[in-house]
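Since we're looking at a predicted model, the values are computed, not measured.
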Amino acid sequence: MFRRFSPKSEFIRNILTLMTGSSISQTIPIIVAPILTRLYSPEEFGIFALYVSITTIIASIATGRYELAILLPKSNIQALNIVGLSMVFSVITGLITILVVYFFNTQLTSILKAPELSASLYFMPITVFLTGIYQSLNYWNNREKKYLNLSKSKVIQASITSLLNVGMGFQKFGVSGLIVGTIIGLVFSVIFLIKTTINRNLNVSKTIQYKKMFALGKKYSDFLKFASVSALFNNLSSIGLPIIFGIFFDNAIVGLYYFASRIIRLPLKLIFNSLSQVYYQKATELYSNDKKSLLIFTWKIQLKIIIFITPFLVITSLFAPYAFEIIFGQEWAKAGEYVKYFAPFILSNSLYSPVSSLGSILNKQKQMLYFNVCLVFSQIFIIYICNDHFNFEFTLLIISIINGLQYLGLQLYMRKTLKFIISQENLK
């Protein structure tokens, strides 16, 4: 009987499967957020924001971005070897991070003006390594359309992380409580994905070979040369923004901005992360078989995003200051005020983010690198100029508008490129 109500489109079914897990995993942090804001101060969230930003940026290149290539080969044997290659890079990056933290700890905390971050930096290598492993397994499950496993892994991670954050907050662990909870949640999530992957692929040890990994590494070397550097700058421009703010503003402001951004992005991640994963798998198929359908498919998705997110951001911008004060406490009201200043950036970023894999599919890694470098340097330039003449809110608004326009330009470029490829094929 229930099959009658099941969506007929496989694409919609896959999104709903991921969204089920994502909705639970995103709801849990929202539920515990009012508790966390009473257990941790804005300054502690500021230090945590710096930690998350740094580890996320490093982790984004931990795999050499080879995880993006897992969906591309037709052969599962080749795809599994790319998974192995991604994991090897994760190990190497984790080891390099250990050396950097050990030898340059003082210099890093000095640049960031956050001596309180010193002890926390030693947690970075394990976080980077685990994130790289998770990303590799995540894309393999995406390739296999095992979206239920991905949903379960997200719920496991969110549940354990939130439980430990609250528990360690009551025990007055400070920033360490936020960091350790995050790491342990990631550990359990990775263990779950490893277990389910090995159960489905009992011959993994025989399939993955160093010669094959090396050959595939050369074949998809653009991901390492361009996509990894591009991802580095892309994360610097979004996730790494608290790092840049931390150099010019105090930790309390960084903490308020990070918390506001996190709360607003959580419900959006519920939809867009799931959409992004399923889009990449579907778009890869369409690019091989029917590029015109890919163009139409992409535009329809973005049109629906505009219809959904515009009223959401307008309403949120108007009521966030009051809602934040009531729900999270009086000292967090300022975080709610920041929402209206970065709303334009969230709009344009949300429009592009779910279909961002189009750059990889069109083999435009080099162009994506140029774009992300410009994005980061424009932010640094704006903050540097505005810091001496304007307040944080105005600086945030200018960054949001300029970066938003840059993302709109990128979308037009990708659309024009795909149209050109279609026209060239029609001439043949």
Side-chain angles (χ1 to χ4, degrees), residues 7 9 11-12 15-16 18-19 22-23 26-27 29-30 33 234 237-239 241 256-280 282-283 294-328 333-359 371-372 375 378-379 382 393-416 418:
S9 167
F11 181 76
I12 298 298
I15 290 178
L16 290 175
L18 273 177
M19 279 184 62
S22 293
S23 61
Q26 301 296 346
T27 301
I30 292 175
N234 179 260
S237 68
S238 53
I239 299 169
L241 201 51
L256 290 169
Y257 164 77
Y258 171 76
F259 185 77
S261 178
R262 181 186 182 190
I263 292 298
I264 298 305
R265 290 176 189 271
L266 276 174
L268 298 179
K269 285 172 67 177
L270 161 64
I271 300 172
F272 296 147
N273 282 7
S274 303
L275 178 59
S276 177
Q277 285 187 277
V278 181
Y279 172 85
Y280 190 14
K282 180 71 175 179
L294 173 57
L295 183 65
I296 298 170
F297 176 64
T298 303
W299 168 242
K300 284 183 177 179
I301 287 177
Q302 291 186 310
L303 184 60
K304 290 177 181 178
I305 290 172
I306 293 173
I307 294 171
F308 164 76
I309 198 172
T310 302
F312 169 80
L313 288 176
V314 170
I315 294 171
T316 303
S317 298
L318 291 173
F319 295 102
Y322 311 104
F324 272 58
E325 183 175 359
I326 294 170
I327 298 172
F328 305 117
K334 195 70 174 178
E337 291 183 19
Y338 290 163
V339 172
K340 60 188 174 190
Y341 296 107
F342 61 75
F345 177 69
I346 290 183
L347 175 61
S348 58
N349 183 255
S350 298
L351 189 60
Y352 177 74
S353 180
V355 300
S356 59
S357 54
L358 194 60
F371 169 78
N372 287 316
L375 207 61
S378 67
Q379 289 177 342
I382 291 168
E393 290 86 343
F394 183 81
T395 303
L396 186 59
L397 177 62
I398 297 300
I399 289 175
S400 181
I401 293 172
I402 298 299
N403 286 173
L405 291 173
Q406 288 172 303
Y407 266 106
L408 288 175
L410 177 64
Q411 292 175 70
L412 292 173
Y413 170 75
M414 289 298 176
R415 184 175 177 82
K416 185 178 179 180
L418 183 55

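- Residues I346 and I309 meet the side-chain proximity criterion, which asks for heavy atoms closer than 4.5 Å.
- I306 and P311 make their closest contact through O-CD, 4.3 Å (heavy atoms, listed as atom of the first residue, atom of the second, distance).
- With values rounded to the nearest 0.5 angstrom, I296 atom CD1 is found 12.5 Å from I301 atom CD1.
- I307 CD1 to L303 CG: the interatomic distance, rounded to the nearest 0.5 Å, is 4.5 Å.
- Inter-residue side-chain proximity for L295 and W299 is flagged as unmet; no heavy-atom pair is nearer than 4.5 Å.
- With rounding to the nearest 0.5 angstrom, the CG atom of L256 is 9.0 Å from the NZ atom of K334.
- Here the closest non-hydrogen pair linking P29 and R262 is CB-NH2, 4.4 Å.
- Remark: side-chain polar atoms of Q302 are paired, donor with acceptor, to backbone N or O of L351 under 3.5 angstrom.
- Heavy atoms only, all atoms of each residue included: S400 and A343 are closest at OG-N, 4.2 Å.
- Listed by chain and residue number, nothing satisfies the ring-ring contact (aromatic ring centres under 6.0 Å, His included) test with F308 (two or more places apart in sequence, or in another chain).
- Nearest heavy atom pair, residue F345 against residue Y407, reads CE1-CE1, 3.6 Å.
- With hydrogens and angles left out, the side-chain atoms of T298 and Y279 include a donor and acceptor closer than 3.5 Å.
- For S261 (side chain) and Y258 (main-chain N/O), no donor-acceptor pair under 3.5 Å exists by modelled atom type.
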Discussion item. Set out, in order, the CA-CA distance, both residues' side-chain angles and the distance that settles side chain to side chain contact (heavy atoms under 4.5 Å, CB included) for R265 and N349, then state yes or no.
Written reply: CA-CA 11 Å; R265 290 176 189 271; N349 183 255; 4.0 Å; yes
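- The CD atom of Q379 lies 7.5 Å from the CD1 atom of I382; values are rounded to the nearest 0.5 Å.
- Of the residues listed (L397, I398, I399), the one engaging T395 in a side-chain contact (heavy atoms from CB on, under 4.5 Å) is I399, and it is the only one.
- Remark: A333 pairs with E325 by the side-chain contact (heavy atoms from CB on, under 4.5 Å) rule, at least two apart or across chains.
- By the 4.5 Å heavy-atom criterion applied to side chains, L241 and F342 are not counted as neighbours.
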Practice prompt. Walk me through it: do I263 and V339 pass the test side chain to side chain contact (heavy atoms under 4.5 Å, CB included)?
Written response: CA-CA 10 Å; I263 292 298; V339 172; over 6 Å; no
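- Ring to ring, F371 and Y413 are not that close: their centroids are 6.0 angstrom or more apart.
- Residues S348 and N403 come closest through the heavy atom pair OG-O, 4.4 Å.
- One distance of note links CG of L396 with OH of Y257; it measures 6.0 Å at 0.5 Å rounding.
- In this structure the side chain of Q411 reaches within 4.5 angstrom of the side chain of L408, judged on heavy atoms.
- Contact detail for T316 and F312: the closest heavy-atom pair is OG1-O, 2.6 Å.
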